[in-house]
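Chain A is the first sequence line, chain B the second, and so forth, proteins listed ahead of strands; every chain is numbered from 1.
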Amino acid sequence: MEISRHWRLAKQRYALVGEVCPNCEHKIFPPRDICPDCGEEAQDLYQFSGRGEVYSYTQVQQAPTGFEEYAPYTVALIKLEEGPMLTAQLTDMGKRPVSIGMPVEMVTRKLRSDGERGMLIYGYKFRPAIAS
Amino acid sequence: MPEDKLLRPNRDVGIIGYGAYIPRYRLPASEVARIWKGENFKGPPGEKAVAGLDEDVITMSIEASRNALARAAIDPTEIRAVWVGSESHPYAVKPTSTVVAEAIGAVPNTLAADWQFACKAGTEAMQAAIGFVGSGMAEVALSVGMDKAQGRPGGALEYTAGAGGAAYLIGTADRSLVTIEASYSFTTDTPDFFRRANEKYPEHGERFTGEPAYFKHVTAAADEIMQSSGLKAEDFAFAVFHQPNAKFPTRVARSLGFIPEQLKPGLLVPMIGNTYAGSALVGLTAILDIARPDERILMVSYGSGAGSDSFIFKTTENLIHRRELAPATLEYISRRTEIDYATYARYRGKLVSK
């Protein structure tokens, strides 16, 4: 049971809420309360747009425990338009191949469930950006 | 008591934002027929939308609600109620609406609740939101109708039980994209379709789902609201009804005096199937995507059990530029990946590997 951990991460996982440095305006994700750029204290919440592009990717065939039912799936490094880089699953690829530089957008999806009786865990994934 | 039976809020309200969501996978009805009836069986036409492995009513409601927020252009903390109507809430106990409210940033000063009334749970939430805002208790309330619909493998429902729905932000009329001119609800105890606790698939009453159920309730709800408002079919630009198949809404529309042109823009069932609690509501988003200002729309939902909610909407100038702020319903529909029955069985969790 890791309920408290999932609960603590809900804001950043559901909606890409990170932080912005009040000193140098550096955008921070995941939130870490200290600006990695200038070292100042940074605890102001910042809502990321969710837009970004694929920086690199790999296909997962042998999924770790809890993710078996989703394999094969693609995990990508996503460069957010505000700057930070994060790791996330790609989803809704349909029959499209992944490519570096592909524009993507954040969606909140089911990441996994904690067994048959446990909680459902939701969080960000990225999909090919919809036109408008 | 007024002479008519309409539901009247204390102040005028309307839709200040709307958003659709339809997952990208499509299962043609002919593929269901191939598996259960054989290669040569001519099944019903059309196809249905199927949710991906990582989608459920929570994730689909979040996306539709974000689209509604984008069009409303409001701060999500203004939302004082998050109400999600569905018959496929992921948890039996733990509200879908709490996760949706957290994800869209509406917590903590908000009500949150899940509604159920078969296929009209979403419009039931909309009626409640009209009352909640119309009484002055709140400035903005969110109502969602969304489903990942269940149908027993091989059963009649499996051809059309689809996935998707829509979210509506209800607020005061002065800032609305669409004003709500009237609403009405009609309910009786009619056991045409139900799912017992802990059962995976619903049961339905075959032909009993027609005359005493769908047609009686939809017709009564439409007749009352049109007569009490002094309006006839020709006074509306569009009409949208609950659409379990194409036949039922087409027949009820004709009997109420509507012509196919009024019905067609909101008749999505041939493309996405019956999205249960999302059905009439996602038909309405397709209409709002193309309507012009000052046009009247009639919407009548139907929920088994049974009841209908009817609404008269009127579009405003605000709709025209605001609707560009989120993806149109047809953009979701055209984002299409066809799947076979085996993939469908996997996506719907019908395969068990342990």
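- At a heavy-atom cut-off of under 4.5 Å, chain A is reached by B:Thr337, B:Glu338 from residues 336-345 of chain B, listed in order of number.
- At most 12 non-hydrogen atoms from other residues, nucleotides or ligands lie less than 6.0 angstrom from CD of B:Gln116.
- Within a 6.0 Å radius of CD in A:Gln61, other residues, nucleotides and ligands contribute more than 12 heavy atoms.
- Residue B:Ile104 does not touch chain A at all, counting heavy-atom pairs closer than 4.5 Å.
- Counting only residues at least two apart or in different chains, side chain to side chain donor-acceptor pair (under 3.5 Å) contacts with residues 49-70 of chain B comprise A:Thr91-B:Asp54, A:Thr108-B:Arg66, A:Arg109-B:Asp54, A:Arg109-B:Glu55, A:Tyr122-B:Asp56, A:Lys125-B:Asp54, A:Arg127-B:Glu63, B:Tyr21-B:Glu55, B:Glu63-B:Tyr332, B:Asn67-B:Tyr332.
- Other residues, nucleotides and ligands contribute at most 12 non-hydrogen atoms within 6.0 Å of the CD atom of B:Glu317.
- Atom CZ of A:Arg5 has more than 12 heavy atoms from other residues, nucleotides or ligands within 6.0 Å.
- If you tally non-hydrogen atom pairs under 4.5 Å between each of A:Arg96, A:Arg112, A:Gln89, A:Lys110 and chain B, the highest count goes to A:Lys110.
- By the 6.0 Å contact criterion, CD on A:Glu105 is enclosed, its count of non-hydrogen atoms from other residues, nucleotides or ligands being greater than 12.
- Residues of residues 89-100 of chain B that come within less than 4.5 angstrom of chain A, heavy atom to heavy atom, are B:Pro90, B:Tyr91, B:Val99 in numerical order.
- If you measure heavy-atom distances from B:Leu53 to chain A, the contacts under 4.5 Å come from both the backbone and the side chain.
- More than 12 heavy atoms of other residues, nucleotides or ligands shown are found within 6.0 angstrom of CD on A:Gln43.
- More than 12 heavy-atom neighbours from other residues, nucleotides or ligands sit within 6.0 angstrom of OH on A:Tyr46.
- Listed by sequence position, A:Lys11, A:Tyr14, A:Ala15 are the residues of residues 10-18 of chain A in contact with chain B, using a 4.5 angstrom heavy-atom cutoff.
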